Amino acid sequence: MTSLTLRGDDRVLHVAWPDGTQADFPFLWLRDNCPSGFHPQTQERQFDLTSIPMDITIDRADQDDGDIVLTWAGDGHVSRYRAEWLLAHRPGVGLADPAKVDPVLWRGDLDPASLPRAAARDLMTRDDALLDFLIEAKKTGLALVDGMADDTEAGMAMARRIGFLRETNFGTTFEVMSKPNPNNLAYTSHALPLHTDLANQELPPGFQFLHCLANEAEGGGSTFCDGFAIASDLKTADPEAFKLLAETPVPFRFQDEDYDIRRHHRVIDLDPFGDLQELHFNAHLAGIFDLPADRMETFYGAYRKLMQMTRSPDYVITTRLKGGEMVIFDNRRVLHGRAAFDPNTGFRHLRGCYVDRGEFDSRIRVLSRSNA
Ligand code: OGA
Ligand code: ZN
């Protein structure tokens with residue numbers, strides 16, 4: 001039996017569960033989350049918080065068939081909560097999230113052959129295979145799919161199985177090949193140092209899908225590094241440099257005939273809980289640094305240190321995509337790059353698109369429902 005203790009003096013209901021878990025539920029929280037205040041179909045809150053006083057109290061607390069039943073002083077409203085619902089939502093802990101997958105950091109000693117990998121057919125046809133793959137892809141931030149159809153639409157079809165595509169100024173999909181009049185270094189045959197895409201956007205795209213249709217030219221190998229591993233090692237080795245990169249806004253900019261998209265970002269971005277959220281690192285889209293002159297040199301020192309780490313074999317892995325492979329990576333965590341290639345020796349063609357993190361996570365949650 002759930003044992004209930006009511007501590008009215010500090011306006012919390014104290015609940016102890018049979019497994020020893022205990023939690024305090026403030027009265028205001030309980031009234032705000034009374035199940036009667038949510039729309040029965042949409043589960044959205046309809047209750048108006050301003051309709052109750054701040055010092056709301058309860059007259060009585062009872063247990064009934066696994067429910068906790070509160071009768072509120074004043075209007076006599078009765079709220080009924082499942083004890084396990086309260087356990088799952090307890091303050092300070094909050095609801096478990098199947099999409100909260102802790103990153104498993106990796107460095108230059110990671111063998112690319114050990115990256116998460118799945119067959120396109122399995123991912124397209126089996127929800128359990130897709131769920132496992134998405135979770136693994138979140139852990140490493142980098143995964144591969146083999147057996148993609150030799151079809152320019154195949155990468156998009158796979159990405160759409162996860163979520164809707166993120167459109168950008170380059171379109172809902174982009175062709176990475178050497179083109180005349182390129183508006184982006186990616187559309188040349190030059191090397192691309194490790195970077196995150198579209199750091200100039202207000203919200204850079206989340207997961208990137210690069211379907212390799214052909215990689216027959218000399219050169220053109222791919223490089224990756226785990227930006228979270230670099231940031232966390234920098235934090236240990238040089239906390240001052242980490243702090244500067246986590247606090248200093250730097251400008252990023254893309255411009256062509258039709259667009260001029262600019263945004264300041266911190267190179268290392270922490271989430272509201274203080275955990276690593278994102279790296280914005282793209283030397284070719286970095287704008288002209290505009291911080292005060294007396295802080296410039298110190299900032300350059302930190303920025304250059306991070307940049308050197310992205311060149312170090314301690315962090316960088318190298319692989320070569322083959323026609324029929326697709327690489328999927330978290331563009332806001334894993335930096336990607338490529339070696340220069342010689343377009344006269346063969347054709348190189350990747351087709352890319354993005355699915356943002358929110359849709360990727362949503363897919364994990366929805367697939368987890370049916371697997372529960
Ligand atoms: C890009 C990119 C990598 C490659 O298009 O942004 O980084 O291998 N391409 O061509
Ligand atoms: Zn890129």
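Quick caveat, the model's predicted, so the values are computed rather than measured. Counting starts at 1 for both ligands and their atoms, in listed order.
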Exercise. Y354 and F207: aromatic ring centres closer than 6.0 Å?
Worked result: no
Problem set entry | Subset of ligand 1 atoms that lie under 4.0 Å from at least one heavy atom of R348 | 4 (C), 8 (O), 10 (O)
Exercise. Under 2.8 Å from the Zn ion (ligand 2), which protein atoms of type N, O or S occur, listed by chain and number?
Worked result: H195 NE2, D197 OD1, H336 NE2
Exercise. Does a salt bridge link D226 with R107, judged by any charged N lying under 4.0 Å from a carboxylate O?
Worked result: no
Problem set entry | Chi angles and distances behind the side-chain contact (heavy atoms from CB on, under 4.5 Å) call for I162, F209 | CA-CA 11 Å; I162 300 166; F209 297 70; 3.7 Å; yes
Problem set entry | Proximity of Y315 and F224 rings by center, below 6.0 Å | no
Problem set entry | side-chain contact (heavy atoms from CB on, under 4.5 Å) evaluation trace for R262 with N200 | CA-CA 5 Å; R262 309 179 198 183; N200 60 304; over 6 Å; no
Problem set entry | Per-atom contacts of ligand 1 with L350, taking only distances under 4.0 Å to non-hydrogen atoms | 4 (C), 8 (O), 10 (O)
Exercise. Could K139 and E136 be called an ion pair, given the rule that one side-chain N must be under 4.0 Å from one carboxylate O?
Worked result: yes
For this session: Starting from atom 5 (O) of ligand 1, find the nearest protein heavy-atom neighbour and note its residue, name and distance.
Result: A186 CB, 3.3 Å
Exercise. What about the rings of Y187 and F174, do their centers lie closer together than 6.0 Å?
Worked result: no
Problem set entry | Backbone or side-chain N or O of Q208 under 3.5 Å from ligand 1 N or O | no
For this session: State yes or no: are the ring centers of F329 and H336 separated by less than 6.0 Å?
Result: yes
Exercise. In terms of atom number and element, which parts of ligand 1 are under 4.0 angstrom from non-hydrogen atoms of H336?
Worked result: 2 (C), 6 (O), 7 (O)
Problem set entry | Selection residues 335-349 - residue pairs positive for salt bridge (charged side-chain N to carboxylate O under 4.0 Å, His left out), sequence neighbours left out | none
Exercise. If you count the atoms of ligand 1 from 1 in the order shown, which ones are under 4.0 Å from a heavy atom of D197?
Worked result: 6 (O)
Exercise. Would R351 and E153 pass as an ion pair if we require N to O under 4.0 Å?
Worked result: yes
Problem set entry | Subset of ligand 1 atoms that lie under 4.0 Å from at least one heavy atom of H195 | 6 (O), 7 (O)
Exercise. Which atoms of ligand 1 are found less than 4.0 Å from any heavy atom of L192?
Worked result: 2 (C), 7 (O), 9 (N)
